[in-house]
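Worksheet for the structure shown next.
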Amino acid sequence: MSALDLASAVRSGERSAVDVIDEHLARIDARDGEINAFNLVTADAAREAAAAVDAAVAAGNDPGPLAGVPIAIKDNMCTTGVATTCSSKILEGWEPPYDATVVQRVTAAGAVMVGKTNLDEFAMGSSTENSAFGPTKNPLDTTRVPGGSSGGSAAAVAADFASLSLGSDTGGSIRQPAAFCGLVGMKPTYGAVSRSGLIAFGSSLDQIGPFSKTVAESAALLEVIGGHDPLDSTSIDQPAFDLTSVLDRGVEGMRIGILRELSGGEGGVEGLSTDVIARTNEAAAALEKAGATVVEVSVPSATLGLSAYYLVAPAEASSNLSRFDGVRYGLRVDAPTTGEMMTATRTAGFGPEVKRRIMLGTYALSAGYYDAFYGKALKVRTMMLQEFASVYATVDLLLTPTAPTTAFPLGDRTADPMTMYVNDVCTIPSNLVGHPAISVPFGVGDDGLPVGVQLLGPALSEPTIYQAAAALEAAAPGEGSLS
Amino acid sequence: MEWSGAVSLGAMTQRITRDEVVHVARLARLSLSDAEIDEFTGQLGDILEHAADIEALDVGDVEPTSHPLPMVNVLRPDELRPALDRDLLLSQAPAAEDGQFRVPPILGEEP
C-alpha cells in the first residue's frame, strides 16, 4: 500500500495508525538484523506518535497529509533527545537538543518516525560500507550494497520497513542508492529544502530529499519538506512546490536532451556499463513515444565534475568537521592538554574515509595549493553553470543514467578510493551547480538488478521534473524480477 | 581569490610527499600511524592526479562560484528570542563545570 493510500485510510479512520506502525515494526524486527538499515529503531516513540494520530482522527481533527505514514530518517538529521550519530564513533552518546526542520515538518504532517538509518560515516561514501556500525545490505540482493551514502534510508523503503524516508545528497547520496534499490530518489534545488539540523558535510552541495517507491509519493513528501525556513540562511525565500497536481500532465511538447558526456557518448565519462546505457536509451525512446522531443546535447565540463567535486567537497568537509574536537559534544579521549585531547579524540573518533577526506580538504585549502586546487575547482563550477544555462535555453530537461552500474557486491570497491568515487560521476554535476535531479527506476540490468535513470533540470524546475518522472514511471518496463 | 599560478603550478608537477602528509595531519589534528601515512601518501597522490584535468584547464578570467545561489546577507530584526537552554546543551558535553565547557589545560602547551 502506498504512503498516500495509507494516509488516506488513516485519515478516514478506516485504518489505525498504531496498527500500521506495528506492522512495519514487526517487519523491521524480522529482517533488519540481516539488512542493518537502522542505527536505531524508535519503536516506543513511534507507537506513541501513532496513537496521537489515531486520537486526532477520533477527535475529528486532521492529522495531516502523511497521517500515520511510517518514515525513516537518515542518521545525520537531528532528532530531539534521540541519538544522532552520522554513523560515526565521534558522536557517541550525543542526543541533539532540537529537531531538524525536515523532521519537524514531516511530524507536523502526521508522518511517524520509525528510526534513524545507517549511512556512510558523515555521508562520505557510495555504498554504506563506511559506517562505524557495519554495512547495510541491499534488500533486493543481500550480497550487494544498497548504494550510499543514504543506503540505510534506501534499504528501509525497499524492505518495506517504512513507506518513505529522507536522505541527504551531496554528490549523489540519494539518487545512487535509489537507483541501486529500485526506488525514486530526488535531490531538490539547492536551497529548496531547509538544511537546518542536517549535520553539515559540504555546505554548498548538501541537500535533503525524499526516497519512495513511486513518483507520486516522492512529490507528496517534497511538498511537505520544501519551502522557506528562516533557520537556514541559504533557504530560498519562496513557498513549497506544488507537485502532486502536475503529475498527470505528460511530456507532450517537452524537449529532453540526452546529456552525451554522461550517457556513454564519445568524449564523455568512461566506465558506464552497456546495460545501463541501453536502459537510458530505452527511457529516451519511451519519452519520445509519450510525446517529448528528444535530442542529444553536450555539456563538455560535465566530465570535470568528479575532479572538481573531490576538491570542493573535502575542502568544505575539512572545515565543517573541525567542530568535532571533544569539547562540546560526543566522544572525548582524555589527554593532558587540550590540543592533545583534540587530536586523540579525532584520531579515535573518525573512520578511515572521513580522515582521508579531511586530509584531502585540508591539503587543498592549505597555503600554496589553494588557488591551484580549490580556487580552480570553483571556476569549473562557473563553467558548468554557464554550459548548463546554454543547454537549458534549448531543452527543458536532461536525461542520463543515475549510476554507471547496478548495485555492486559488498566489499568489491573498498580497497581503492577512486573506484568508489567514480560511482558519483553522473550525479555530481547537479550538486556542483545546485540544480534538481531525480532518479527513477527503469528496467533491470543484465544481473536482474534495477537500473535508475536520471532527469536533470535547471534551478526550481521541480514541477517539470516530476511531470516527466511520472511519464517515465508509467512507461517503465514491468516490475519483472524485482518484486 | 586571485589566480597565482606560479607557486602552485610548480608544486603540482610533483606528487604529494610523505612529509606533506605528516604536515597536513598536524593541521587537521589527526595522529597517523606510519602505515596510515604511507597509505594516505599513495591514495591522496592518486586522487590529486585525477584532478590533473582541472590543473591542465585554462580557466582564464572565469569568476569562481563558491555557492550555487547568489548569496546575500540574511537579516532579521534585533529582537530577543528564546534560545536553547544552557544546561541542556552542557549536559551533552563530555565535561562541564560552572555553566561552562571544561577542557584540559591550554596555557603552556605548544601551539
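Chain letters run A, B, ... following the sequence lines, proteins first and then strands; every chain starts at 1. For clarity, every value in this text was computed on a predicted model and none was experimentally measured.
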Tell me which of these, A/Thr189, A/Thr234, A/Asp237, has more heavy-atom pairs under 4.5 Å with chain B than the rest. A/Thr234
Taking the basic N atoms (NZ, or NE/NH1/NH2) and the acidic carboxylate oxygens, is any pair closer than 4.0 Å for B/Arg15 and B/Glu49? yes
Heavy-atom pairs under 4.5 Å with chain A, option from B/Pro94, B/Ala95, B/Ala96 with the top count: B/Pro94
Counting heavy-atom pairs under 4.5 angstrom with chain B, the leader among A/Trp94, A/Tyr421, A/Phe350 is A/Trp94
Could you pull out the closest heavy-atom pair between B/Asp53 and A/Thr303, with the gap in Å? OD2-O, 4.3 Å
Nearest heavy-atom neighbours spanning A/Ser233 and B/Val74: O-CG2, 3.4 Å
Chain A heavy atoms under 4.5 Å from B/Leu88: which part of the residue, side chain, backbone, both or neither? side chain
So for B/Arg102, is it side chain, backbone, both, or neither that comes closer than 4.5 Å to the heavy atoms of chain A? backbone
Residue pairs, two or more places apart or on separate chains, that pass ring pair (Phe, Tyr, Trp, His ring centres under 6.0 Å) and touch residues 48-77 of chain B: A/Tyr190-B/His67
Under 4.5 Å from any heavy atom of chain A - which part of B/Val21: both
Of the backbone (N, CA, C, O) and the side chain (C-beta and beyond), which part of B/Ile54 lies under 4.5 Å from a heavy atom of chain A, both, or neither? both
Heavy-atom distance under 4.5 Å to chain A: side chain of B/Leu90, backbone, both or neither? neither
A/Glu353 and A/Arg356 ion-paired at < 4.0 Å: yes
Could you give the distance from CD (B/Gln43) to CE (A/Met359), rounded to the nearest 0.5 Å? 10.5 Å
